[in-house]
Amino acid sequence: MKDQWREKRDRFEKRYLAKPPVNEPREPEQFLMQAPQGNPLLLSHTLQELLSKDSVQVELIPEKKGLFLKHVEYEVSSKRFKCSVYRRYNDFVVFHEMLLQKFPYRMVPALPPKRMLGADREFIESRRRALKRFINLVARHPPFSEDVLLKLFLSFSGSDVQNKLRELVQGVGDEFMTCRLATQAKDFLPADIQAQFAASRELIRNIYNSFYKLRDRAERIASRAIDNASDLLIFGKELSALGSDTTPLPSWAALNDSTWGTLKQALKGLSVEFALLADKAVQQGKQEENDVVEKLNLFLDLLQSYKDLCERHEKGVLHKHQRALHKYSMMKRQMMSATVQNKEPESVEQLESRIVEQENAILTMELRNYFSLYCLHQETQLIHIYLPLTSHILGAFVNSQIQGHKEMSKVWNELKPKLSCLFVGSSNMPTPPLSPPEGNFFSN
C-alpha cells in the first residue's frame, strides 16, 4: 500500500512540480522553495528571534484631494529594509489577497474593515494600529519574512505596487506547488496528527477566549486612567474658578474678608498641581494602551488568524477532498453499470479516462490535505513560541501601575503642604485639617 502511494506521488511530482511557471521559462530550482535542514516539521525559533526579524512603523499622512473626498495615506517604515514607503489601505488589501493566494495553509492575519464614509479620527487611528499589528505579524512570520511579496511591499516606492504584487504571484502557484517538501508532508507528520490538531484547536480557542477578556479589562483600566485625568483637570479648574471669583462680599461677611481672600488665593494656585496630576494620569493611560492593550490585541490577532486557518482547512481542503471522493465513487458505479450493459467501447474508454483523471484529482487533494496539516502543525508551534509574550504584557502592566502611582504620589505629596493655609483658626494661625469621625460622615 505504501509503495502504491509513493508511486502515485512520484508520478504527481513529475507531472506537476517539475514545470516552470506560465510564461516564465526558468528552471524549477529557481522558484521551488528549498527544503530546510534537519527535521523540517519543527520550528527552532525563539520569541526574541521572531521579534527581531523586523519592526515596522505605520504612521498616518492625511491627504485631502478635491473639495470633499479625503484619502488617508500611510507611511510604512521598515527597520529591516531601512526604508519608508507610502501605502493606501487598498495596497494592504491587495497584499493580503496575494498572501492568502500564495500561502493558503498559513496564518494570514485579517485586515481591519474598510469604512467608506464618515470615518472619524477614532476609527482612522484604530485602523492605523490594526494595520501596524498586521504588517508586523507578517514581517515576523518565518515563511512570509523570506518571501519576495513582503520585500516588495515594504521597499517598492513606485506608484503601481498593486500590479507588481499581482505579477509576483501570477503563474507561480501556491506554497504547495513551490515547496519541495509538499508531496512528502505525510512522511513527517505524527500518526495521531488529527487528534493533535483537534486538541490544539480546542486549547487555542480557550486561550483566545481568556485573552479576549483580559484585553477588555485592560482597555477599561486604561480608559479609567484617562477619565480620571479628565476629572482631575476639571476639579482643578473648578477650584481655580472658585479662587478667581470677583463677587464682592456682603457687609455682614466683611469681618471674614481677609479669610476668604486668603482661601481664594490658595484655591487658585491648586489648579497647577491638579493639571499636573491629570497629565500624569493621561500618560499612564496612554502607556497602558500602547504597552498592554496593543500587545494583547497583537496576540489576539495572531490567535484569530489561527482560528481562521483551521476553518480554511476544514471548509477548503477537507471539503474538496470529500467531494472528489464522492465524484469518484459515482464514476466507478457508472463504469460498472456500463460494463454490465455492454455499452460501446468508446464510451467505456472515455469513462475510464475520466476515472483516471479523478484519481489524480483525489491524489492531489490527499497531498494537499497532508501538506495543510503539515503547515498547521508548524503554525501551532508558532502560536506557542508567541505565548511568552504574556510575561512581556504582564511586566508592562505592572511597571505602568508602579510608575504611574509613584509619579502621582509625588505630586500629591507636593500638594499637601499647600493646603495648610486653607485651614485657619480663630487666631488666624494655620491648623491641620481634621479627619472625619468614624462611621457615616453624614449621619445625624
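For Asp301, the salt bridge (Lys or Arg N to Asp or Glu O under 4.0 Å) partners two or more places apart in sequence, or in a different chain, are Arg133.
Under the 6.0 Å cut-off for aromatic ring centres, His377 and Phe188 do not qualify, their centroids lying 6.0 Å or more apart. Checked against the 6.0 Å centroid threshold, Tyr89 and Tyr74 do not count as a close aromatic pair.
Using cut-offs of 30° and 60° for the angle between ring planes, the Phe153 and Phe92 rings count as perpendicular. Ring geometry, Phe235 versus Phe274: the interplanar angle falls from 30° to 60°, so the pair is classed tilted.
The backbone N or O of Ile61 lies less than 3.5 Å from no partner atom in the side chain of Glu73, so there is not a single donor-acceptor pair. Checked by atom type and distance alone, the side chain of Glu175 never pairs as donor or acceptor with a backbone atom of Arg106 at under 3.5 Å. Asn399 contributes a side-chain N or O that, together with a main-chain N or O of Gly395, makes up a donor-acceptor pair within less than 3.5 Å. Counting only distance, with no hydrogens or angles, the side chain of Ser52 and the backbone of Gln48 share a donor-acceptor pair below 3.5 Å. When atom types are taken as modelled, the side chain of Asp279 and the backbone of Ala275 share no donor-acceptor pair closer than 3.5 angstrom.
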Name the atoms and distances for all side-chain donor-acceptor pairs under 3.5 Å in residues 216-233, with sequence neighbours left out.
none

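Using a cut-off of 4.0 Å between Lys/Arg side-chain N and Asp/Glu carboxylate O, Glu125 and Arg129 are scored as salt-bridged. A salt bridge between Asp54 and Arg140 is absent, with no side-chain N of the basic residue lying under 4.0 Å from a carboxylate O of the acidic one. A salt bridge links Asp174 with Arg368; the closest basic N to acidic carboxylate O contact falls under 4.0 Å.
Both the sub-6.0 Å distance and the 45° axial angle are satisfied by Arg215 relative to the ring of Tyr212.
For Lys410, the NZ atom is loosely surrounded, since the number of other residues' heavy atoms within 6.0 Å does not exceed 12. Atom NZ of Lys53 sits in a crowded spot, with more than 12 heavy atoms from other residues, nucleotides or ligands closer than 6.0 Å. Heavy-atom neighbours of Glu202 CD from other residues, nucleotides or ligands within 6.0 Å: above the threshold of 12.
Gln284 and Glu288 share a donor-acceptor pair across their side chains, judged by distance under 3.5 Å alone.
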For this session: Give the intermediate values and the outcome of ring-ring contact (aromatic ring centres under 6.0 Å, His included) for residues Phe176 and Tyr105.
Result: CA-CA 9 Å; Phe176 174 76; Tyr105 310 122; 7.2 Å; no

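Side-chain contact between Asn90 and Gln162 is present, with at least one heavy-atom pair separated by less than 4.5 Å.
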